[in-house]
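Owing to the predicted nature of the structure, the values given are computational and were not obtained by experimental measurement.
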Amino acid sequence: AARAPAPPGGGGGAQGRGAERRRGVACGIRGGLIVRGTLRSAGDVQGDGKVDGDTRAAGLIIGEQAVITGDVYAEEATVRGRVEGSIRARKVTLCATCHVEGNILHEALSVESGAFFEGNCRHSSNPLADAPEAVVGERKGAAANSERRPQAQAAQAPKPADPVTP
C-alpha cells in the first residue's frame, strides 16, 4: 500500500494523520500556550505549545512547534516536535521533524529518516507497568475512574506577572 505524501512542512506520514482522524483530539494545546506542571488527560492530546512538566495521556501527538520538558506517558505517542525527558508508551513514532533527548521504553517503535534521538531505547512488553498513577489503562478505564478524577486536567497557566524572555 502506498503512503500519502507528508503535508508541506508536516511530518509524521499518513499513519499519524490517520490516527488523528480516527480518534479525534480530546484536548489541544495551541502554539504560544505554556503549561507548567503535569498535563493529564484520559483522552487524546495534540500539543503545539510548551509543557514544563510531565505529560500523561491515552494518545499524544507532539506537534512540530511543541516543546515538552518532562516525562511522557501514553498508550500511543507521535513525536514531531521536541521532548527533553523520557518517553514511556506502548507505541512510539519518532517523525522526521522530532528532536528527542531522553530514554524511550516502548512496546513498538518506529523512527522516520531524519528524526533526532539521543538516549537509550528499550523494548518492554508493558512499558507503562511502573508508570505513575492515572496512566495505565486510562483509555479503557476512563469511565470507571471518572468518579475519582476528572477526565482531563491541565496544570495552571503561567502567572501573568512572569516576564517572557526571548
Review point. Between Glu64 and Asp48, what is the shortest heavy-atom contact and its length?
Key: N-OD1, 4.2 Å
**Study point:** Exercise: identify the closest heavy-atom pair between Ala66 and Gly47
**Key:** CB-O, 3.3 Å
Review point. When rounded to the nearest 0.5 angstrom, what is the spacing between CG in Leu109 and OG1 in Thr93?
Key: 8.0 Å
Review point. Quick one: are Arg88 and His106 in side-chain contact, heavy atoms under 4.5 Å?
Key: no
**Study point:** Val111-Val72 co-clustered via ILVMFWY side chain contacts under 4.5 Å
**Key:** yes
Practice item. Check whether any side-chain N or O of Glu112 sits under 3.5 Å from a backbone N or O of Cys95 as a donor-acceptor pair, and report yes or no. Key: no
Exercise for review: Nearest 0.5 Å please: distance from the OG1 atom of Thr78 over to the CD atom of Gln46.
Suggested key: 9.5 Å
Review point. Considering all heavy atoms of both residues, which atom of Pro127 and which atom of Ala89 are nearest to each other, and what is their separation?
Key: CG-O, 3.2 Å
Exercise for review: Measure the CG-CZ distance between Asp54 and Arg40 for me, rounded to the nearest 0.5 Å.
Suggested key: 9.5 Å
Review point. Rounded to the nearest 0.5 Å, how far apart are CD of Glu107 and NZ of Lys91?
Key: 11.0 Å
**Study point:** Close side-chain approach of Asp44 and Ile61, heavy atoms under 4.5 Å
**Key:** no
Study note, to complete from the structure: Between the CG atom in Leu39 and the CZ atom in Arg56, the distance rounded to the nearest 0.5 Å is 10.0 Å
Exercise for review: For Asn126 and Arg90, test the side chains for any donor-to-acceptor distance below 3.5 angstrom and give the result as yes or no.
Suggested key: yes
Practice item. Tell me, please, which residues at least two apart from Asp52 pass side-chain contact (heavy atoms from CB on, under 4.5 Å). Key: Ile34, Arg36, Lys50, Thr69
Practice item. Following the transitive rule for hydrophobic clusters with a side-chain heavy-atom cut-off under 4.5 Å over Ile, Leu, Val, Met, Phe, Trp and Tyr, establish whether Val51 and Leu33 coincide in one cluster. Key: yes
Check your understanding: Do Val45 and Thr55 have side chains that get closer than 4.5 Å, going by heavy atoms?
Key -> no
Review point. Just wondering, do Arg80 and Ile62 contact through their side chains at under 4.5 Å, heavy atoms?
Key: no
Practice item. Over all heavy atoms of both residues, which pair between Ala96 and Ser113 is shortest? Give the atoms and the distance, please. Key: CB-O, 3.2 Å
**Study point:** Set of residues satisfying side-chain hydrogen bond (donor to acceptor under 3.5 Å, both in side chains) with respect to Asp71, sequence neighbours excluded
**Key:** Ser86
**Study point:** Test side-chain contact (heavy atoms from CB on, under 4.5 Å) applied to Gln65 - qualifying residues, sequence neighbours left out
**Key:** none
Check your understanding: What pairs meet the ring-ring contact (aromatic ring centres under 6.0 Å, His included) rule with one or both residues in residues 76-105, with sequence neighbours excluded?
Key -> His99-Phe116
Review point. Any side-chain heavy atom of Tyr73 sitting closer than 4.5 Å to one from Leu60?
Key: no
**Study point:** Leu94 reachable from Leu105 in the ILVMFWY side-chain graph, under 4.5 Å edges
**Key:** no
